[in-house]
Amino acid sequence: MLRGARLLVTGGAGYIGSHAVRVLCDLGADVVVLDSLYTGHRPAVDGRARLIVGDVRDPAAVTEAMVGADAVLHFAALALVGESVREPERYVDVNVHGTRCLAQEAEAAGVKAFVLSSTAATYGEDVPSPITEDQPQRPCNPYGESKAAAEAVLAAAAFPATFLRYFNAAGAMPDGSLGEDHTPETHLIPLCIQAATGQRDQLTVFGADWDTPDGTCVRDYVHVLDLVDAHVLALERMLAGGDGAAFNLGSGVGRSVRQVLDAVGSEVGPVPSVDGARRPGDPPMLVASAERARRELGWSPTRDLAAIVRDAWAWHRSHPAGYAG
Ligand code: UDP
């Protein structure tokens with residue numbers, strides 16, 4: 001159904017966006033990428049897509065990128081909890097104001113569907129896991145607040161919008177050609193791989209005294225290609241006349257920081273680690289109920305933590321210094 005569809009992908013040079021662009025091009029879509037390249041990587045953009053270097057807050061760039069668009073996939077955003085606690089205004093500007101600019105242009109262009117990369121951080125820390133979509137949204141950090149506000153902007157728009165609330169995106173293209181390359185890297189799995197390979201001295205566990213089974217934080221890790229599959233399903237549903245909706249994208253299985261260390265240990269080698277202080281803004285447990293996505297989108301993740309770590313390692317082995325290496 002996406003063959004020949006004209007899709008605008010913001011943030012298509014970033015981690016999840018670049019995987020989506022690859023898959024959408026494989027499906028025969030006509031993809032335009034709008035990416036500022038502040039954190040994205042030009043070599044990550046599939047050669048079949050047209051790259052426009054620009055910011056989602058720049059109306060001229062957005063107008064150019066939106067020409068003829070049937071649908072928008074909006075990945076471009078700031079997405080680090082710790083950073084958002086330090087610089088909350090930037091999160092409002094990029095994530096909320098940026099989404100508003102894009103939504104205005106999308107309405108003017110008459111797009112038929114819009115998919116927002118949202119997050120489990122829109123739920124609060126007191127929400128019991130597994131988290132269903134109708135739980136109250138009481139974000140406990142500015143990142144989650146900015147994404148909840150972006151959802152509200154889109155809920156009021158003229159086109160159907162689907163909010164995909166990612167839990168912990170991880171993994172890479174299995175052939176090692178695309179992967180995660182952040183500066184500085186803050187995500188658990190790449191940091192564990194760097195510690196296991198001696199690129200960093202050790203991994204600091206952010207709190208070993210949480211009220212969780214082994215005292216470390218529990219998250220729901222989802223393979224980036226499983227996330228992309230959900231985008232395709234959400235787009236197809238809306239382009240077929242279906243409504244927009246909010247979906248949690250997680251496996252329903254929680255893994256502690258220690259379990260991730262063990263999984264990387266099995267695949268890559270022992271991960272030197274030290275127990276440290278809690279990270280501000282971290283909820284102790286975020287695990288999805290993936291029931292609505294299964295029921296309404298027909299989506300369920302197919303790649304487990306071992307596959308996630310294997311693919312992350314394939315990327316790291318072939319690109320130890322990221323796209324620059
Ligand atoms: N974490 C950790 N040490 C690190 C980085 C992350 O213990 O150096 C923990 C973090 O507290 C969280 C989990 O690993 O419980 C996943 O963190 P990440 O930053 O990858 O994703 P987030 O959950 O913030 O989206």
Side-chain angles (χ1 to χ4, degrees), residues 14-16 39 75 77-87 91 95 117-125 127 129-131 139-148 164-172 179-197 199-224 227 248-251 253-265 268 271-288 305 308-309 311-313 315-316:
Y15 169 43
I16 306 171
T39 56
F75 294 93
L78 301 176
L80 298 176
V81 169
E83 180 183 71
S84 79
V85 173
R86 294 190 301 274
E87 303 174 66
Y91 275 69
N95 293 358
S117 299
S118 191
T119 171
T122 58
Y123 301 108
E125 58 191 340
V127 173
S129 288
I131 299 172
C140 66
N141 54 58
Y143 168 54
E145 284 168 9
S146 71
K147 285 292 186 167
L164 297 180
R165 295 180 186 149
Y166 306 161
F167 282 62
N168 283 65
E180 201 166 354
D181 180 0
H182 301 113
T183 306
E185 187 52 78
T186 62
H187 292 104
L188 181 61
I189 292 176
L191 289 177
C192 285
I193 292 175
Q194 289 176 4
T197 54
Q199 275 179 292
R200 67 178 60 230
D201 292 344
Q202 61 193 8
L203 186 280
T204 302
V205 176
F206 293 150
D209 56 351
W210 293 97
D211 184 17
T212 58
D214 67 14
T216 66
C217 282
V218 172
R219 294 286 182 274
D220 186 339
Y221 295 89
V222 199
H223 197 291
V224 60
L227 294 181
N248 288 340
L249 298 184
S251 65
V253 178
R255 302 288 188 175
S256 71
V257 174
R258 289 218 197 289
Q259 286 176 310
V260 172
L261 260 72
D262 289 345
V264 175
V268 183
V271 180
S273 72
V274 61
D275 292 346
R278 294 179 177 188
R279 181 173 62 177
D282 259 350
M285 181 168 309
L286 284 174
V287 179
L305 182 62
I308 287 171
V309 170
D311 293 344
W313 177 219
W315 156 252
H316 188 89

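Hydrogens, waters and symmetry mates are skipped; everything else that's a heavy atom, side chains included, is used. Order of appearance sets the numbers: ligands from 1, and atoms from 1 within every ligand. Since the structure is predicted, the reported quantities are computational estimates derived from the model, not experimental observations.
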Hey, are the side chains of [X] and [Y] touching, using non-hydrogen atoms and a 4.5 Å cut-off?
X: Ile193; Y: Trp313; result: yes
X: Leu188; Y: Leu203; result: yes
X: Leu80; Y: Tyr143; result: no
X: Phe206; Y: Val257; result: no

Inset, instruction - Assess the side chains of Glu83 and Tyr91: does a donor N or O sit below 3.5 Å from an acceptor N or O? - result: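 Yes.
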Inset, instruction - Show your reasoning for whether salt bridge (Lys or Arg N to Asp or Glu O under 4.0 Å) applies to Arg255 and Asp262. - result: CA-CA 11 Å; Arg255 302 288 188 175; Asp262 289 345; over 6 Å; no
Legend entry - Test of proximity, Leu188 against ligand 1: N or O pairs below 3.5 Å: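 By distance alone, the answer is yes.
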Inset, instruction - Give yes or no for whether the N/O distance cutoff of 3.5 Å, strictly under, is met between Phe206 and ligand 1. - result: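 In this structure, Phe206 places an N or O atom under 3.5 Å from an N or O of ligand 1.
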Where does [X] meet ligand 1, judged by heavy-atom distances below 4.0 Å: at the side chain, the backbone, both, or neither?
X: His187; result: both
X: Thr186; result: backbone
X: Asn168; result: side chain
X: Leu191; result: side chain
X: Tyr221; result: side chain

Taking only heavy atoms of [X] into account, list the atoms of ligand 1 that are under 4.0 Å away from them.
X: Cys217; value: 15 (O)
X: Val205; value: 7 (O)
X: Thr204; value: 2 (C), 3 (N), 4 (C), 7 (O), 8 (O)

Legend entry - Sole residue of Gln199, Arg200, Gln202 in side chain to side chain donor-acceptor pair (under 3.5 Å) with Gln194: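 With Gln194 as partner, side chain to side chain donor-acceptor pair (under 3.5 Å) holds for just one option, Arg200.
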Inset, instruction - State whether the side chain of Arg278 and the backbone N or O of Asp209 hold a donor-acceptor pair below 3.5 Å, judged by distance alone. - result: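 Between the backbone of Asp209 and the side chain of Arg278 there is a qualifying donor-acceptor contact (under 3.5 Å).
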Inset, instruction - From atom 23 (O) of ligand 1, work out which of Arg219, Glu185, Gln202 has a heavy atom at the shortest distance. - result: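 Among Arg219, Glu185, Gln202, the closest heavy atom to atom 23 (O) of ligand 1 belongs to Arg219.
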[atom]: which protein heavy atom is closest, and how many Å away?
atom: atom 11 (O) of ligand 1; result: Asp282 OD2, 2.5 Å
atom: atom 24 (O) of ligand 1; result: Arg279 NH2, 2.8 Å
atom: atom 9 (C) of ligand 1; result: Val257 CG2, 3.8 Å

Legend entry - Flag if over 12 foreign heavy atoms under 6.0 Å of CG, Asp211: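 12 or below, so no.
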